[in-house]
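Okay, so here's the structure we're looking at.
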Protein chains: 4
Amino acid sequence: MSSETKSVQRSGRPRDAKARERILAAASALLDEGGIAAVTMEAIAKRASVGKPTIYREWPNASAVAMAAFLEATKGLAPADRQGGVLAALRRHLRAVAETFSTRAGRNTALMIAAAQSDSELAKVFRIHFIMKSREEGRALIELAVAGGQVRSDLDIEATLDLLYAPLYFRLLIGHAPFDARFVDTIIDAALNGLRPRLALPD
Amino acid sequence: MSSETKSVQRSGRPRDAKARERILAAASALLDEGGIAAVTMEAIAKRASVGKPTIYREWPNASAVAMAAFLEATKGLAPADRQGGVLAALRRHLRAVAETFSTRAGRNTALMIAAAQSDSELAKVFRIHFIMKSREEGRALIELAVAGGQVRSDLDIEATLDLLYAPLYFRLLIGHAPFDARFVDTIIDAALNGLRPRLALPD
Amino acid sequence: MSSETKSVQRSGRPRDAKARERILAAASALLDEGGIAAVTMEAIAKRASVGKPTIYREWPNASAVAMAAFLEATKGLAPADRQGGVLAALRRHLRAVAETFSTRAGRNTALMIAAAQSDSELAKVFRIHFIMKSREEGRALIELAVAGGQVRSDLDIEATLDLLYAPLYFRLLIGHAPFDARFVDTIIDAALNGLRPRLALPD
Amino acid sequence: MSSETKSVQRSGRPRDAKARERILAAASALLDEGGIAAVTMEAIAKRASVGKPTIYREWPNASAVAMAAFLEATKGLAPADRQGGVLAALRRHLRAVAETFSTRAGRNTALMIAAAQSDSELAKVFRIHFIMKSREEGRALIELAVAGGQVRSDLDIEATLDLLYAPLYFRLLIGHAPFDARFVDTIIDAALNGLRPRLALPD
DNA sequence: CGGTAAACGAGACGGTACGTCGTGTCTTTGA
DNA sequence: TCAAAGACACGACGTACCGTCTCGTTTACCG
């Protein structure tokens with residue numbers, strides 16, 4: 001335990017474990033207050049009372065710190081409530097995502113996607129630790145639905161996930177229309193029942 | 001009208017149209033060569049042999065110039081080829097979009113979306129002059145399909161467009177999977193026929 | 001001759017005399033308000049409601065306009081009052097100069113000398129139209145004093161004028177000590193009677 | 001004390017003395033090559049291979065750097081040679097000043113006086129570190145002369161110094177006449193013996 | 001008396017320098 | 001021996017003026 005982490009120290013001043021926390025907290029606060037432009041190394045260092053080299057020791061640039069702070073802040077995903085049927089759970093899940101997207105967390109998500117466009121390393125981290133993780137829920141539900149016969153079994157799961165999630169991200173990023181529960185319902189309905197004329201089936 | 005734009009000139013030396021062209025060409029070249037980070041006011045000014053104030057007179061910052069250059073470069077949208085049925089034309093259209101997205105133009109589109117995240121004015125311009133314009137094609141086809149009975153008439157057109165376009169943008173921005181003709185076909189198929197088990201109908 | 005200045009005009013619209021006045025007034029006001037740094041071509045043009053080329057048609061740069069405005073403002077030299085003896089008149093004259101130097105006109109004089117240091121053309125104009133003109137008075141008095149035997153006849157007049165005027169300019173420019181009537185008296189006394197021990201003679 | 005300047009260092013990397021030297025050398029070279037107009041922050045930074053903030057950390061503007069460079073370059077005042085009588089030493093001293101004034105150092109002195117006219121802080125620095133320091137020599141000689149009875153004891157020392165130095169500065173700044181040994185002699189003769197008719201005494 | 005040529009105001013042009021900010025690296029002192 | 005503090009070289013930012021240029025307009029003269 002503590003002897004395990006302490007005994008590694010050879011000599012000199014030990015790393016300050018709290019520094020990491022303070023850095024991420026500072027980055028998070030700056031991100032919320034002034035957007036990605038406010039998350040500069042200098043501002044983080046000042047706010048966290050930390051030397052710039054201390055930050056550079058762990059992250060290569062300010063965007064990376066912002067990403068780390070973002071991931072830290074959003075890692076607590078609300079576990080799905082699956083009662084009442086797989087498709088109902090899927091609907092609830094997407095509604096929750098949409099709701100999140102209309103808060104500051106949504107704004108930050110958009111900023112992280114933006115930051116990732118100019119930095120492939122950042123893109124990879126974001127993909128693995130945010131996108132893929134948040135798709136887990138949807139993927140599990142889709143697979144359940146396939147197993148339960150509520151959904152076709154010949155589907156490309158990844159494409160299906162894109163079909164469901166992408167419209168939310170699209171509206172988040174483009175801002176051309178609101179994402180509310182009605183929009184989520186419309187998307188789910190269209191996706192499930194298809195655009196062709198047909199008899200809509202109940203969920 | 002042309003009189004509307006021409007007659008505005010009040011007094012003083014009129015703007016130099018060639019300077020504007022050189023600025024946009026320089027911005028475009030810089031964008032292609034080094035991404036959005038390379039599109040700095042100083043670099044544009046140097047490359048276009050233009051004073052910085054000349055740029056600031058028309059655009060408020062480097063991103064705005066990049067956006068203008070991007071829009072200039074992408075305004076020539078290939079008109080749709082509608083022979084062979086509405087749904088086939090829709091498929092061809094989305095395939096063309098996907099193809100564009102795998103070129104430098106796609107990269108630039110992603111960068112513009114990224115830039116728009118921190119600048120609402122930029123976002124507006126991008127929405128109006130790129131997103132909305134490129135949806136025109138899809139919207140026209142969907143409306144034709146509705147009129148022709150190939151597609152349900154109770155659809156929310158905007159949501160439907162999102163359902164079709166968003167997956168492409170999503171993959172462009174997240175890069176978690178390729179967008180190829182197969183992906184487009186999968187998306188179209190899923191969207192048209194729905195995720196539920198059913199008898200697929202021919203296009 | 002008037003024909004000499006007027007007849008030069010070949011054709012076209014003649015110069016606007018009022019524009020010249022407005023330019024000089026604007027330059028003068030700017031000089032008084034913000035020192036030489038405020039006298040910029042753009043500020044003059046704006047304030048005088050004049051195009052920049054109109055200014056450049058007559059003066060080569062902003063300092064030259066400032067100099068012209070300064071000379072215009074100071075050309076009205078108070079004629080000397082010579083009653084009560086030549087030396088008394090000389091004393092009154094120098095006191096008057098010192099008094100002028102403690103006003104804004106003195107400040108401006110210093111600024112003009114400063115401006116002249118980096119522009120030989122300006123230096124020449126200042127020398128001819130200000131320095132030499134203001135020395136006329138002193139020169140006349142000295143020559144009278146020589147003629148009247150109150151002052152040695154073997155003097156180099158120019159050097160003598162320097163001896164009397166320079167201390168005032170020096171204090172104006174360096175600001176190491178005030179110039180008041182007492183200082184003028186001290187200088188005159190020392191200059192007339194010499195630094196060596198002797199019996200002082202009455203004026 | 002050296003402890004006074006050294007012990008101030010609180011924390012962080014100390015200032016780089018070599019950067020300071022390079023900055024002053026660059027400023028000095030630029031001043032000599034192109035006058036005060038050539039001493040721009042950008043040119044200094046480029047020439048000294050120094051970032052602009054490094055310069056701004058110590059000086060508020062380009063003139064201040066020029067002044068510092070000037071003072072650095074002129075701080076080595078030739079100590080006076082007092083053999084052969086106080087008045088002879090005074091004459092030699094003033095001749096030396098005049099000689100200096102006809103070199104580039106004189107040009108620079110004039111430029112510094114000019115720069116000081118628009119910047120009271122600069123004026124103060126110039127007064128203290130140049131004018132007052134260079135008057136020390138004259139003041140000491142005058143005081144010796146007073147003590148030795150070669151000069152009147154009722155003199156205002158400051159005014160007397162002005163009487164002797166000012167004509168040199170005046171000709172330096174106005175450029176209306178040369179300053180040579182003859183001029184210095186004329187000034188000294190006139191100042192010592194006075195302008196009134198009298199029997200000139202030998203030095 | 002109508003044409004023409006120069007001066008007018010306005011303001012855009014290509015530039016230079018400003019003073020500030022952030023970058024990522026380095027070099028101190030202090031813990 | 002590592003952390004904070006902060007100086008370093010660099011380079012982009014957005015602004016202010018420079019001195020030149022091009023507009024459309026005005027105003028005297030000369031043919």
Side-chain angles (χ1 to χ4, degrees), chain A residues 9-16 19 37-46 48-57 59-62, chain B residues 9-20 22 37-46 48-58 60-62, chain C residues 9-16 18-19 37 39-46 48-62, chain D residues 9-16 18-20 22 37-46 48-58 60-62:
Chain A
Q9 190 193 324
R10 293 248 174 250
S11 65
R13 180 169 176 171
R15 284 226 187 148
D16 186 351
V39 187
T40 69
M41 284 300 206
E42 305 232 315
I44 298 168
K46 189 166 199 177
S49 295
V50 142
K52 281 200 282 175
T54 302
I55 312 178
Y56 278 105
R57 214 166 284 128
W59 298 278
N61 51 56
Chain B
Q9 193 193 324
R10 295 238 172 264
S11 71
R13 179 175 175 173
R15 295 270 174 92
D16 184 349
K18 289 191 179 164
R20 199 191 128 90
R22 270 183 292 149
V39 187
T40 68
M41 284 300 207
E42 304 234 316
I44 297 168
K46 190 167 200 175
S49 295
V50 143
K52 282 200 281 174
T54 299
I55 312 178
Y56 279 106
R57 219 167 276 130
E58 189 150 7
N61 51 56
Chain C
Q9 194 192 321
R10 293 248 171 255
S11 68
R13 179 175 176 174
R15 294 262 179 99
D16 184 350
K18 288 186 182 167
V39 187
T40 68
M41 283 301 206
E42 305 233 315
I44 297 169
K46 189 167 199 177
S49 294
V50 141
K52 283 201 280 176
T54 302
I55 313 178
Y56 278 105
R57 218 166 278 128
E58 188 151 6
W59 298 277
N61 52 54
Chain D
Q9 194 192 323
R10 295 242 172 260
S11 70
R13 179 174 175 174
R15 295 270 176 89
D16 184 348
K18 289 188 179 167
R20 199 191 129 89
R22 269 183 292 149
V39 187
T40 68
M41 285 301 208
E42 305 232 315
I44 297 168
K46 189 166 202 175
S49 294
V50 143
K52 281 200 282 176
T54 300
I55 312 179
Y56 278 105
R57 218 167 278 129
E58 189 152 6
N61 51 56

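Chain identifiers are assigned alphabetically (A, B, ...) following the order of the sequence lines, protein sequences preceding nucleic acid strands; residue numbering begins at 1 within each chain.
Between D/Thr54 and F/dA9 there is a side-chain polar atom (N or O) within less than 4.0 angstrom of OP1 or OP2. Taking side-chain N and O atoms only, A/Arg57 has no distance below 4.0 Å to OP1 or OP2 of F/dA4. Side-chain nitrogen and oxygen atoms of B/Arg15 include none within less than 4.0 Å of the OP1 or OP2 phosphate oxygen of E/dG11.
Between the CD atom of D/Glu58 and the P atom of F/dG6 there is a distance of 17 Å, rounded to whole Å. Distance, D/Arg13 CZ to F/dA7 C1': 5 Å, rounded to whole Å. Atom CD1 in D/Ile44 sits roughly 16 Å away from atom P in F/dC10 (whole-Å rounding). Put simply, CD1 on A/Ile55 is 14 Å from C1' on E/dT25, counting in whole angstrom units. Separating the NZ atom of C/Lys46 from the C1' atom of E/dA10 is a distance of 12 Å, rounded to the nearest angstrom.
Nearest-nucleotide mapping onto DNA chain E: of B/Pro53 and C/Ala48, the residue sitting toward the 5' end is C/Ala48. Projected onto DNA chain F by closest heavy-atom contact, D/Glu42 and A/Gly51 fall at different nucleotides, the more 5' of which corresponds to A/Gly51. When each of D/Asp16 and B/Pro60 is assigned the nucleotide of DNA chain F with its nearest heavy atom, D/Asp16 is the one assigned upstream, toward the 5' end.
A/Ala45 approaches A/Gly51 most closely through the heavy-atom pair CB-C, 4.5 Å.
Contact annotation: the side chain of B/Val50 never approaches that of B/Ile44 to less than 4.5 Å [non-hydrogen atoms, C-beta and beyond]. The side-chain heavy atoms of B/Arg20 and B/Arg15, taken from C-beta on, include no pair separated by under 4.5 Å.
At the heavy-atom level, B/Arg22 lies under 4.0 Å from the strands shown only through sugar-phosphate atoms.
Each of F/dA7, E/dG24, F/dA12 was ranked by its minimum atom distance to the side chain of A/Met41; first place goes to E/dG24. Relative to the side chain of C/Asn61, the nucleotides F/dT15, F/dG19, F/dA12 differ in distance, and F/dG19 lies closest. Between F/dC10, E/dG15, E/dG22, one nucleotide has an atom nearer to the side chain of A/Thr40 than all others, and that is E/dG22. Considering only side-chain atoms of B/Ala62, the nucleotide from F/dG6, F/dC13, E/dT23 that sits closest is F/dC13. Side-chain atoms of D/Lys52 lie closest to E/dT20 of the nucleotides F/dG19, E/dT20, E/dT23. For B/Val50, the side-chain atoms get nearest to E/dG14 when compared with the rest of F/dC8, E/dG14, F/dT22. The side chain of D/Ala19 lies closest to F/dC8 when the candidates are F/dC8, E/dC13, F/dC17. Of the candidate nucleotides E/dT28, F/dA12, E/dC18, E/dC18 has the atom lying nearest to any side-chain atom of D/Tyr56.
For A/Ala62, the side-chain contact (heavy atoms from CB on, under 4.5 Å) test picks out A/Met41, with sequence neighbours left out. Scanning for side-chain hydrogen bond (donor to acceptor under 3.5 Å, both in side chains) contacts around D/Arg22 gives an empty result, with sequence neighbours left out.
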